[in-house]
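Down below is the structure, laid out as structure tokens.
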Amino acid sequence: MSHVPERPSEFVCQDCHLIYAGNVVGSGENRRYDPPNHCAACHSENFVALSEYSHMG
Ligand SMILES: [Zn+2]
């Protein structure tokens with residue numbers, strides 16, 4: 001199990017490319033970040049992590 005730095009994950013809407021901060025889920029060692037339920041701008045549910053999005057060019 002690798003240690004995850006204390007840094008909010010960000011997610012990108014795949015349809016309109018808005019960036020959202022992840023929602024904190026859990027606490028302590030179980031804390032993680034989930035994407036929004038849907039995009040506030042275009043109502044898409046398709047999100048990709050910003051770190052992965054950057055690999056797409
Ligand atoms: Zn969107």
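Just follow the structure's listing: the first ligand is 1, and inside any ligand the first atom is 1.
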State the CZ-CG distance between F11 and L50, to the nearest 0.5 angstrom.
->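 Interatomic distance, F11 CZ to L50 CG, rounded to 0.5 Å: 9.5 Å.
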
Rounded to the nearest 0.5 Å, what's the gap from NE2 on H43 to CG on N37? Could you check?
->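 Separation between the atoms: 13.0 Å.
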
Partners of N46 by side chain to side chain contact (heavy atoms under 4.5 Å, CB included), sequence neighbours excluded?
->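 Result, side chain to side chain contact (heavy atoms under 4.5 Å, CB included) vs N46: Q14, D15, S44.
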
If you draw a sphere of radius 2.8 Å around the Zn ion (ligand 1), how many protein N/O/S atoms end up strictly inside it?
->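 There are 4 of them.
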
V24 and Y33: which non-hydrogen atoms are nearest, and at how many Å?
->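 Taking V24 first and Y33 second, the nearest heavy atoms are CG2-CE2, 3.3 Å.
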
Exercise: identify the closest heavy-atom pair between L18 and C39 |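 Looks like CD1-SG, 4.4 Å.
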
Donor-acceptor pair, side chain of Y20 and main chain of F47, under 3.5 angstrom |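 Here the side-chain-to-backbone pair does not exist.
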
